[in-house]
Amino acid sequence: MTGDLRFSSQRAHGWGPGSGSSPEARLRQRLPTLDDVEHQARRRIPRFAFDFLEGGTGGDLNTRRNREALDAVELVPRYSSPAPVQTEIELFGVRCAAPIGISPVGVDGIVWPGATRMLASAAGKARIPYIAGTLATAEIEEVAELAGPYAWFQLYGLPADDHAVTFDLIKRAGGSGVRVLAATLDAPVRSKRPRDLRNGLVVPFRPTPKTILDVALSPAWLLALATAGTPAFRNVERYVEKPATLANTAGFVQSQIKGTFSWETVRRMRDAWPGALVVKGVMHPDDAEQAISLGVDGILVSNHGGRQFDAAPAAIDVLPAIVARVGSRATILFDSGIRSGLDIARAVALGARGTFAGRALLLGLGALGERGAAYVAELLKEELETAMGQLGAHSLDALTQLTCRHQRAFDFCLTVRDAAGDGR
Ligand SMILES: Cc1cc2nc3c(=O)[nH]c(=O)nc-3n(C[C@H](O)[C@H](O)[C@H](O)COP(=O)(O)O)c2cc1C
């Protein structure tokens, strides 16, 4: 066995020369998986903020379905001559360390104060893309400075005045050097998130004795809050009527921001944006087709991490049909449910060129503070390397050649109307 212990991942997992009693090695032993990171984060983040991050919509069915579906994807190992594993990938002209990026998480500063800046600098250092949100807690200009070529920008629509603010945000992103714009399509209505309602996490936010107690019991979070300041919707503050207090800005966000775009607006964005344009939240091959006809460069297959619609399929279950339809006409990206390097291997094997995770990276911040994002990014990369080594797939391309069993893959052939013939 020793002859095969040549991957960096094996060092990280305590097999090789990297294991020992250094603080880093002890951390690897204490938090070897994302489940351990999550467990630690749960103890350090106030309950309402943890629920905000973890919760899905309705009964959390879609969030659970994402997980179960990823777990059910089987990959068959092949044997080949041992060789170093290569995880680097080029996405829209930028060479990235691995096919893993950070999904946008609005108001991430609730989960961990200062999160947007921390994620941006972790992405820049780890050389992985970070899609900063319209509702991020630092401005896109600052994110672009910290993440450099790895900064992407997620856009929600602000339709008032013929999308004047939407197009100003696009201009600002371009002006600060961002090359990839991801327009979110999949939140056309405000979804019902019972955990947030029960915790009183609504606009306007009024702390209850319970939330105050939650915060008091979370000293590390409080310290982060004292350092970073109260989380605010920094990207949109300048558009809010003065004074742009948190309450006014939250009201503006609530009333002005729409979580989707018409296809006509996507077309206008295509005309206005010279960089790569991605649509986020695609779950049907016909929608992918429509987006491609408007000239988008990337399709991010996603169900918003199960936060929008409980009856939606797992995102991984619709991925193969979308890959099959799109072929090489656009770059296929994937998120929703990624919690390990093995999950990344599964999604790449099923045709995603890049994958993203939202909750995983924020759990890292919750567990370890600022260094937690880099810790989770590295953990995912090492697990991916281990999975690839075990599968005999030394390149990302080789992953796509593997035999997979994906019994739950969604069948788009039939609608109820088709099944019933023309009698309905
Ligand atoms: C707390 C939270 C807030 C989110 N806010 C946004 C957002 O503002 N814009 C957006 O496009 N997606 C948003 N998402 C969805 C993520 O971008 C991503 O699609 C999802 O988290 C992926 O699932 P995962 O968390 O299982 O990795 C949010 C997700 C979470 C968990």
Side-chain angles (χ1 to χ4, degrees), residues 34 37-38 41 45 48-57 60 62-71 100-112 115-116 119 129-137 140 152-158 169 180-188 190-191 193 195-196 199 201 231 233-236 253-254 257-261 278-283 299-309 312 314-316 319 333-340 343-344 346-347 352 354-366 373 376-377 380:
L34 194 74
V37 171
E38 179 180 47
I45 302 176
F48 67 87
F50 187 83
D51 279 353
F52 166 68
L53 179 67
E54 294 270 275
T57 188
D60 287 347
N62 196 214
T63 307
R64 226 175 298 140
R65 193 172 297 122
N66 281 335
R67 238 350 299 152
E68 289 162 1
L70 274 160
D71 282 342
I100 173 72
I102 308 174
S103 301
V105 167
V107 240
D108 51 7
I110 292 181
V111 181
W112 198 256
T116 301
L119 294 174
Y130 169 39
I131 316 179
T134 296
L135 302 180
T137 47
I140 186 57
W152 298 15
F153 185 56
Q154 176 267 331
L155 196 64
Y156 277 143
L158 290 102
L169 282 166
V180 186
L181 188 67
T184 297
L185 302 180
D186 63 1
R190 209 167 294 282
S191 81
R193 307 211 175 110
R195 294 200 213 190
D196 293 347
N199 290 329
L201 198 61
F233 303 98
R234 296 282 179 225
N235 279 320
V236 297
V253 166
Q254 178 106 344
I257 293 197
K258 303 291 172 238
T260 192
F261 291 96
V278 172
V279 282
K280 176 173 184 285
V282 172
M283 290 287 287
I299 306 282
L300 176 39
V301 176
S302 165
N303 58 26
H304 218 101
R307 289 169 64 80
Q308 282 301 123
F309 185 54
I316 197 74
L319 176 65
L333 307 166
F334 171 82
D335 83 15
S336 294
I338 296 271
R339 284 179 68 91
S340 68
D343 290 338
I344 297 169
R346 286 171 163 134
T355 74
F356 288 79
R359 295 179 178 95
L361 281 291
L362 278 163
L363 288 171
L365 295 182
V376 168
L380 295 176

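Ligands are counted one by one from 1 in listed order, and the atoms in each one are counted from 1 as well. Quantities reported herein were computed from a predicted structural model and do not represent experimental measurements.
- A donor-acceptor contact under 3.5 angstrom links the side chains of Arg193 and Gln308, judged on distance only.
- In terms of protein heavy-atom proximity, atom 12 (N) of ligand 1 is closest to Lys280 NZ, 3.0 Å.
- Of the heavy atoms in Pro104, both backbone and side-chain atoms come closer than 4.0 Å to ligand 1.
- Interface of Gly358 with ligand 1, defined as ligand atoms under 4.0 Å from a residue heavy atom, comprises 21 (O), 24 (P), 25 (O), 27 (O).
- Here Arg339 has no heavy atoms under 4.0 Å from ligand 1, in either its backbone or its side chain.
- Stacking of Arg65 on the aromatic ring of Phe309 is not recorded, the 6.0 Å distance cut-off and the 45° axial limit not both being met.
- Ligand 1 lies within reach of Ala357, whose nearest heavy atom is under 4.0 Å from it.
- Among all heavy-atom pairs drawn from Asn199 and Phe48, the shortest one is ND2-CA, 3.7 Å.
- The salt bridge (charged side-chain N to carboxylate O under 4.0 Å, His left out) check on Asp343 picks up Arg67, Arg346, with sequence neighbours excluded.
- Proximity of Arg307 to ligand 1, defined as any heavy-atom pair under 4.0 Å, is confined to the side chain (atoms from C-beta onward).
- Heavy-atom contacts of Gly337 reach the following atoms of ligand 1: 23 (O), 24 (P), 26 (O), 27 (O) (cutoff under 4.0 Å).
- Between Gly106 and ligand 1, at least one N/O pair is under 3.5 Å apart.
- Side-chain atoms of Asp108 and Thr137 form a donor-acceptor pair, as typed in the model, at a separation below 3.5 Å.
- Nearest protein neighbour of atom 19 (O) of ligand 1, counting heavy atoms only, is Asp335 OD2, 2.8 Å.
- Ser302 and Lys280 get closest at one heavy-atom pair: OG-NZ, 4.3 Å.
- Expressed to the nearest 0.5 Å, how far CZ of Phe153 lies from CD1 of Ile131 amounts to 11.5 Å.
- Only the side chain of Gln154 comes within contact range of ligand 1, with a heavy atom under 4.0 Å; no backbone atom does.
- For ligand 1 and Phe52, the ligand atoms under 4.0 Å from any heavy atom of the residue are 1 (C).
- Of all heavy-atom pairs between Asp186 and Pro188, the closest is C-CD, 3.2 Å.
- Of all the atoms in ligand 1, the ones that sit under 4.0 Å from a non-hydrogen atom of Thr184 are 10 (C), 11 (O).
- Scanning the protein heavy atoms around atom 9 (N) of ligand 1, the nearest turns out to be Tyr156 OH, 2.9 Å.
- In this structure, the salt bridge (charged side-chain N to carboxylate O under 4.0 Å, His left out) partners of Asp60, at least two apart in sequence or on a different chain, are Arg195.
- Taking every heavy atom of Ser302 and a limit of under 4.0 angstrom, the matching atoms of ligand 1 come to 19 (O).
- In terms of polar-atom proximity, Ser103 is not counted as a contact of ligand 1, lacking any N or O under 3.5 Å from an N or O of the ligand.
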